[in-house]
Novice: 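Got a structure here, written out as structure tokens. Questions coming.
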Amino acid sequence: MLRVQPNEPYAILTGVPGVFFQNDGTPALSVSIRGMQDFGRVNVMIDGARQNFQESGHGANGSVYVDPALLAGLDVRRGTVSTGDGAGATGGVMNLHTLDVGDIVETGKRYGVTARALGGTNNYDGSGMIGAADRINRWISIGAAFSMRSSGDYEDGNGDRVAHTFQRLQSGLFKIDITPGADQSLRLGTVIYHNQFGVGSEGIATADTVQNNTGNIEYRYTPKGNPLVALHVKGYVVSTGMTNYTPSFQGVTMAAADRTRYGLTTLGFEADNNSRLLAGPIRIALDYGGEYYHDQVTTTDQTGYTGATPSGGRAVGGAFTQATLGWKIVDLTGAIRYDTYHLSGGGTNEASGFTQVPAGRFHVGRGADAASPKVTLAVHPTPGLQVYANYGLGFRPPATTETLYSGSHPGLGFLKFIPNPALEPERTYGWEAGSKFHFRDVLSAHDSVEFNGDYFDTRIRNYIGQTLVTGAPAPGSYIPTMGYFFQNMPGNTRTSGFEGQIRYESALVFASLSYTNTTTKLPMMDYTGYDQLVTTPPRSVMAATLGFHLLQDRLTLGVRSRAGSETRGQPSAETGMAQVRPGYVIFDLFGSYQMTKRLQIFASADNVANRAYYADALSSIPNQGLAVMAGLNFALSR
């Protein structure tokens, strides 16, 4: 991240195998892992706090709001996760780490200050970040950071201005670290995000204001000399509010201007413990615990309409146990998790005959549970090399939107959103096989080579997709009523493919190559309207980086390539047509020079060929053309 200085959230995912993003014309981060996204299939967190916000429209149904200027790194776990943070996440788990005291203050120093200023072309007005931290004494430390950004509507590779892609962003964080002893730590933190931005999706003039507040507390207790206790407890609250204003509905359809307010509050808790044992020659590692979170969605507008993102509540909880038995070069891991959920809410169904819900007021109270086992076999033939295979099940409960959808499309009274409380949870059955290695001193002294790659194959039963059914006209109308609702697809949805990455690092050269090939097959057509179809990322995605450390490591120069194959959406059930986006190859340049120990200058040029392209068939607007950025980094520790 520090090498390429990303200024857009999706840029931090470039080169992460198996991970992609959807560009729907907003600064939201919509993450896809192994071809699965939306409605919690991927659990994306900020400092361990789930970001479950979604606003249904013509884009992604899962939006994470984070300022890349405040990020220090990220962790990714792909596929089903049998331990903490895995509840309801069948695609994978991603945790975004924001700046901590240790990211601002050097080891062994008491206080520190860091700052960044950035400006650029393509209507990028500028951005800046400043952070400070202080190790007040040996048991308490505090840190804070603040960031701002202003940018206008960018131009694509054809030189056309992409309307409603502006941003006015302010964000900040505050952290407190308490270490009462060598075996205990308590961390409290909050991250605040506020942004006003346009939405270029579908050519409909839209402006949004988002306020996302994340607060978390995390406690660890690892007593020395006691391998049975490594306790971890965390709690969090996330409040996300969006005000959406779409005046074009008034001019185009003669409907009232659409101003809608969306709110989500998520409360979560998790506790787990790690124990290490020996039984003769057998090494035993136990990981066990539980997690719980509750989402409360509140949607209102000036007419009381809440249809596409209905109000409601959903509670999800689970318990897990994982045991790893190690003997010589073999590790065998068995895990099982139990998950349960309960969803409640209601509304008004405006059209009967599409699902089991009659017309009129309705209320839903529904729940289910399941056990999901997983087994992994890993072999370490030589130091630094691992070969492994696993098979496991996953469980994703329906979201409030999928279940409680109701009302009419703004300005299109004949298009009805229909609730479906009969939805069954999704169940995944997947296996993967792969290898990892990490070797040092390969081509020169102190260099390193890392590789990880795997093939995965996952079947999804009861996959929840959208459908559009045409019914009889309403009384007194000649226009057929169209029912738009979520349903469980019969048969199996399948996602499979290969993901891998190789990295090389030496005193002179650094290089990396990542490649992902994903194929997703639905058993039937999945319609989402306006030919914007839910589908997979490009089947093949590649990212490569080559760079050099020069002038005694003070100068860094590099080039990066990003490529994606042609993307074809699922054929529409209404038209039989599919959205097609051609493939692309994009080149970026980046570099930095360490002027002094405290001051660094950097520059980058994204899309240097100024190519016009769409990231994939899910993208409703083109990506930006050539953008040249330059800035300063300052860091001081005393």
Side-chain angles (χ1 to χ4, degrees), residues 9 26-31 37-56 60-68 70-72 74-75 81 84-89 92-100 145 147 169-176 187-195 208-219 232-244 261-271 290-299 309-318 341 343 345 396-397 399-401:
T26 78
L29 186 62
S30 302
V31 179
Q37 71 172 67
D38 291 343
F39 296 122
R41 292 184 178 98
V42 176
N43 172 22
V44 183
M45 302 176 290
I46 296 176
D47 294 334
R50 287 177 180 257
Q51 307 293 310
N52 292 345
F53 182 78
Q54 61 94 193
E55 170 255 336
S56 294
N61 278 289
S63 301
V64 178
Y65 294 97
V66 64
D67 185 351
L70 298 183
L71 290 179
L74 61 91
D75 298 323
V81 175
D85 305 319
V93 174
M94 175 182 292
N95 191 19
L96 303 168
H97 302 282
T98 61
L99 295 170
D100 287 324
S147 170
L169 168 64
Q170 303 93 38
S171 66
L173 59 81
F174 183 72
K175 303 285 183 73
I176 301 176
R187 173 170 294 173
L188 300 91
T190 183
V191 181
I192 308 298
Y193 177 100
H194 179 85
N195 203 347
D208 287 347
T209 299
V210 167
Q211 180 75 40
N212 186 60
N213 303 327
T214 298
N216 68 298
I217 180 170
E218 189 171 26
Y219 173 76
H232 169 243
V233 179
K234 72 174 181 180
Y236 56 87
V237 58
V238 181
S239 175
T240 307
M242 169 188 283
T243 300
N244 172 273
R261 291 181 174 87
Y262 306 94
L264 170 68
T265 300
T266 301
L267 292 171
F269 172 83
E270 181 181 315
E291 58 182 311
Y292 171 88
Y293 64 91
H294 182 272
D295 292 332
Q296 186 63 47
V297 183
T298 304
T299 306
T309 309
S311 300
R314 188 182 68 158
V316 180
Y341 88 99
L343 184 151
R396 185 188 77 88
T400 53
T401 290

Novice: Parallel, tilted or perpendicular: which fits the ring planes of Tyr193 and Tyr65, with parallel below 30° and perpendicular above 60°?
Specialist: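 Plane angle between 30° and 60°, so tilted.
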Novice: Hey, are the side chains of Phe53 and Gln51 touching, using non-hydrogen atoms and a 4.5 Å cut-off?
Specialist: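 SC-SC contact between Phe53 and Gln51 ruled out.
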Novice: Indicate the atoms forming the closest heavy-atom contact of Ser30 with Ala60, along with that distance.
Specialist: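 Smallest heavy-atom distance, with atoms named: OG-CB, 3.3 Å.
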Novice: Keeping the roles fixed (side chain from Glu291, backbone from Gly86), state whether a donor-acceptor pair exists under 3.5 Å.
Specialist: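 Between the backbone of Gly86 and the side chain of Glu291 there is a qualifying donor-acceptor contact (under 3.5 Å).
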Novice: Taking NZ, NE, NH1 and NH2 as the nitrogens, is one of them in Arg187 or Asp47 under 4.0 Å from a carboxylate oxygen of the other?
Specialist: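 A salt bridge is absent here (no side-chain N lies under 4.0 Å from a carboxylate O).
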Novice: Does any non-hydrogen side-chain atom of Asn212 lie less than 4.5 Å from one of Ser239?
Specialist: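 A side-chain contact is absent here, since even the closest heavy-atom pair is not under 4.5 Å.
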Novice: Within the distance-only criterion (no hydrogens, no angle test), does the side chain of Asp38 pair as donor or acceptor with the backbone N or O of Asn61 below 3.5 angstrom?
Specialist: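 Yes; judged by distance alone, with no hydrogens or angles, the pair exists.
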Novice: I'd like to know whether Thr266 forms a side chain to side chain contact (heavy atoms under 4.5 Å, CB included) with Tyr236, so could you lay out the CA-CA distance, the side-chain angles of the two residues, the decisive distance to 0.1 Å, and finally the verdict.
Specialist: CA-CA 8 Å; Thr266 301; Tyr236 56 87; 4.1 Å; yes
Novice: With no hydrogens and no angle check, is any side-chain donor or acceptor of Thr209 less than 3.5 Å from a backbone partner on Thr243?
Specialist: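 Side chain of Thr209 to backbone of Thr243, a donor-acceptor pair under 3.5 Å: no, none is there.
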Novice: Find out whether Leu71 and Val66 are in side-chain contact, i.e. whether some heavy atom of one side chain is under 4.5 Å from a heavy atom of the other.
Specialist: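 Answer yes - side chains close enough.
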Novice: Give a yes or no on whether a salt bridge exists between Asp85 and Arg50, defined as a side-chain N under 4.0 angstrom from a carboxylate O.
Specialist: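 Salt bridge: no.
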Novice: Flag the pair Phe269 / Val233 as yes when at least one side-chain heavy-atom distance between them is below 4.5 Å, and no otherwise.
Specialist: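 Yes. Closest side-chain heavy atoms under 4.5 Å.
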Novice: Would you compute the distance between atom CG of Leu264 and atom OG1 of Thr299 and round it to the nearest 0.5 angstrom?
Specialist: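 The CG atom of Leu264 sits 9.5 Å away from the OG1 atom of Thr299.
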Novice: Which distance, rounded to the nearest 0.5 Å, do you find between the CE of Met242 and the CG of Asn195?
Specialist: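 Between Met242 CE and Asn195 CG, I get 10.0 Å after rounding to 0.5 Å.
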Novice: Got a second to check how far Asn216's CG is from Met45's CE, nearest 0.5 Å?
Specialist: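 So the gap between those two atoms works out to 11.0 Å.
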Novice: If only atom types and distance count, is the side chain of Thr309 paired as donor or acceptor with the main-chain N or O of Glu55 below 3.5 Å?
Specialist: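 Answer holds: no.
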Novice: Quick one: does Gln296's side chain have a donor or acceptor within less than 3.5 Å of a partner on Gly312's backbone?
Specialist: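 Yes.
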Novice: Rounded at 0.5 Å granularity, tell me how far NE2 in His194 sits from OG in Ser171.
Specialist: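 Spacing of NE2 (His194) from OG (Ser171) equals 11.0 Å.
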Novice: Are side-chain heavy atoms of Ile46 and Thr98 found at a separation under 4.5 Å?
Specialist: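 SC-SC contact between Ile46 and Thr98 confirmed.
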Novice: Closest heavy-atom contact between Arg396 and Gly40?
Specialist: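 Taking Arg396 first and Gly40 second, the nearest heavy atoms are CD-C, 4.4 Å.
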Novice: For the residue pair Thr400 and Pro310, what are the closest heavy atoms and their distance?
Specialist: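 Smallest heavy-atom distance, with atoms named: O-CG, 3.8 Å.
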Novice: Do Gln211 and Asn213 get their side chains close enough for a donor-acceptor pair, meaning under 3.5 Å?
Specialist: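 There is such a pair between these side chains.
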Novice: Under the side chain to side chain contact (heavy atoms under 4.5 Å, CB included) rule, what do Phe39 and Thr401 come out as? Steps first, then yes or no, please.
Specialist: CA-CA 9 Å; Phe39 296 122; Thr401 290; 3.8 Å; yes
Novice: Taking atom types as modelled and ignoring hydrogens, do the side chains of Asn95 and Asp75 form a donor-acceptor contact shorter than 3.5 angstrom?
Specialist: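 No - no donor-acceptor pair under 3.5 Å links their side chains.
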Novice: Between atom CG of Asn52 and atom OG of Ser63, what is the distance when rounded to the nearest 0.5 Å?
Specialist: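 Output value for this atom pair is 11.5 Å.
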Novice: Are Arg314 and Tyr293 packed together at the side-chain level, in the sense that at least one heavy-atom pair is separated by less than 4.5 angstrom?
Specialist: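 Yes - at least one pair of side-chain heavy atoms lies under 4.5 Å apart.
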Novice: How long is the span from the CG atom in Leu173 to the CD1 atom in Ile192, to the nearest 0.5 Å?
Specialist: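 With rounding to 0.5 Å, CG (Leu173) is 9.5 Å from CD1 (Ile192).
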Novice: Is there a donor-acceptor pair under 3.5 Å between the side chain of Lys175 and the backbone N or O of Leu188?
Specialist: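 Such a contact is absent between Lys175 side chain and Leu188 backbone.
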